[in-house]
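Worksheet: the structure to be examined is printed underneath.
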There are 2 protein chains.
Amino acid sequence: MARPSRREHLIETAITLFCEHGYHATGIDMLLDKAGVSKKTMYQHFRSKEELIYAALRQYDGVFRNNFMKAVEAAGKTPEEKLLAIFDVAHTWFNDNKFFGCMFINAIGEYSEKDSPIREISRQFKQLMWNYVAELAKDANVKEPEKLANELSLLLEGAIVTAQVSQKPEAAVTAKEIGKKLIDDAMV
Amino acid sequence: MARPSRREHLIETAITLFCEHGYHATGIDMLLDKAGVSKKTMYQHFRSKEELIYAALRQYDGVFRNNFMKAVEAAGKTPEEKLLAIFDVAHTWFNDNKFFGCMFINAIGEYSEKDSPIREISRQFKQLMWNYVAELAKDANVKEPEKLANELSLLLEGAIVTAQVSQKPEAAVTAKEIGKKLIDDAMV
DNA sequence: TTATAAGTAAACAGATCGGTTTACTTATAA
DNA sequence: TTATAAGTAAACCGATCTGTTTACTTATAA
């Protein structure tokens with residue numbers, strides 16, 4: 001038994017290393033050493049490194065969005081508050097010393113082939129995040145919820161990259177201020 | 001002679017490949033094959049692959065900012081127009097079929113060590129871009145030019161990543177609309 | 001008890017990595 | 001003409017890459 005545990009642990013380790021060092025730079029040997037799992041076991045669970053990358057991205061997709069949404073719901077009561085809380089949650093994220101930017105943005109940088117499954121997963125993740133923002137916007141009864149979702153999503157991306165590249169976690173505050181203006185403008 | 005030509009050509013090739021495939025995924029052999037330059041010659045010009053990466057980033061830093069600023073100046077007369085033109089220039093960039101996101105953002109994703117020279121060059125590039133936006137903002141006599149520079153820079157980052165990951169070059173339009181609001185609000 | 005499934009450690013494979021060296025070929029300028 | 005600098009092609013190096021295989025060790029459940 002103990003089957004789910006091994007697989008899970010490999011994915012967890014993979015997420016950690018891919019986040020910090022990137023995908024090509026993370027070797028299988030290093031990963032297995034860190035995970036304390038033998039090579040045979042890994043290749044029993046995943047057919048290739050790419051399969052492990054897919055699994056890691058898929059797992060992270062679910063976990064991240066779940067945590068993110070929970071944190072947003074916890075931080076705001078009304079839909080408007082929740083929309084703004086997005087940036088507070090992001091701020092907390094940026095200040096984590098294990099913050100290395102968005103795993104999916106980083107993945108796209110290393111896999112540029114247009115039909116790559118890795119790109120597809122990343123695109124889907126962003127779509128699902130957008131869906132969530134759009135839902136909140138609809139709940140808030142704003143004029144054009146999808147437009148507002150576009151705007152707030154773009155602000156979030158900008159904050160993530162600014163926090164990552166320019167080492168400015170306070171980019172979340174800038175994004176929040178802009179977001180507040182846009183939400184106010186969009187309120188009926 | 002012909003010395004500058006070889007070095008330049010290696011850097012040009014490096015920029016192209018690093019942009020499209022990333023840094024770790026681009027092997028020296030592949031690069032040299034594409035450049036039509038022998039290995040010995042390359043290692044005569046650059047002490048290591050990392051040195052070539054530095055040189056490529058530095059070159060791209062200069063060229064990109066020069067082209068970007070020229071395009072912005074050409075597209076707008078008044079400082080306000082120029083501030084908005086940033087997003088038009090970005091839009092054109094996003095629609096280039098050789099658009100693979102920002103070279104520096106992608107670099108950060110592969111090199112996470114805090115004191116890495118690659119990170120430093122990338123941080124500097126973003127700083128210099130910010131400086132330019134801040135200059136334009138000052139010329140436009142807005143209330144808080146540096147705050148506006150923070151905001152517009154963040155919007156630009158957001159647009160770049162959205163165009164790259166979600167394959168939506170029209171993110172530039174979204175960013176421009178938000179930018180217009182912020183500029184208008186900041187006008188004295 | 002014993003068959004089975006899942007694990008480990010480690011050798012191995014072939015390719016590729018970054019980087020060096022050797023032998024030969026230009027081109028140029030004194 | 002000839003010394004020099006810069007180039008090429010290709011062999012070579014040790015390390016590392018992804019992935020496979022072998023031999024042995026658990027743990028579990030019939």
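The chains referred to below are lettered A, B, ... by the order of the sequence lines, with proteins before strands, and numbering in each begins at 1.
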| Out of curiosity, B:L128 CG to B:F68 CZ, how far, rounded to the nearest 0.5 Å? | 13.0 Å
| Separation of D:dA6 C1' from B:R7 CZ (nearest whole Å) | 15 Å
| said: Closer than 4.0 angstrom, basic N to acidic O: yes or no for A:D115 and A:R119? | reply: no
| field | Value in whole Å for how far the P atom of D:dT18 lies from CD of A:E51 | value | 15 Å
| Residues A:K180, A:E177: salt bridge by 4.0 Å N-O rule | no
| said: Whole angstroms only, please: what is the NE2-P distance between A:H45 and D:dT18? | reply: 19 Å
| message | Between B:K143 and B:D185, does any side-chain N to carboxylate O distance fall below 4.0 Å? | response | no
| Checking ring pair (Phe, Tyr, Trp, His ring centres under 6.0 Å) for the pair B:F125/B:F64: CA distance, chi angles, key distance, verdict? | CA-CA 10 Å; B:F125 167 81; B:F64 181 91; 5.7 Å; yes
| message | Counting neighbours of NZ on A:K77 that are heavy atoms of other residues, nucleotides or ligands and sit closer than 6.0 Å, is the number greater than 12? | response | no
| task | Would you please say whether a donor-acceptor pair under 3.5 Å links the side chains of B:E110 and B:N106? | result | no
| field | Distance in angstrom units between A:E8 CD and C:dG7 P, rounded | value | 13 Å
| Dot-bracket for DNA chain D: what is it, with Watson-Crick or G-U pairs under 3.5 Å, [ ] where a pair crosses earlier ones, and | for a pair to another strand? | ||||||||||||||||||||||||||||||
| Does B:R6 make a side-chain N or O approach to OP1 or OP2 of D:dT8 shorter than 4.0 Å? | yes
| Which atoms form the tightest heavy-atom contact between A:L156 and A:A90, and what is the distance? | CD1-CB, 3.8 Å
| Between atom OG1 of B:T174 and atom CG of A:L152, what is the distance when rounded to the nearest 0.5 Å? | 11.0 Å
| Which nucleotides of nucleotides 16-22 of chain C have their base under 4.0 Å from a protein heavy atom (B), which only their sugar-phosphate (S), and which neither (-), written as one string 5' to 3'? | -SBBBBB
| said: side chain to side chain contact (heavy atoms under 4.5 Å, CB included) for A:Q59 and A:E12? Distances and angles first, verdict last. | reply: CA-CA 9 Å; A:Q59 170 88 351; A:E12 287 298 314; 3.6 Å; yes
| field | Salt-bridge criterion met for B:R123 and B:E120 (N-O under 4.0 Å) | value | yes
| field | Whole-Å distance separating the CZ atom of A:F46 from the P atom of C:dG7 | value | 11 Å
| request: Tell me which residues in residues 112-119 of chain B put a heavy atom below 4.0 Å from DNA chain D, sorted by number, or none. | output: none
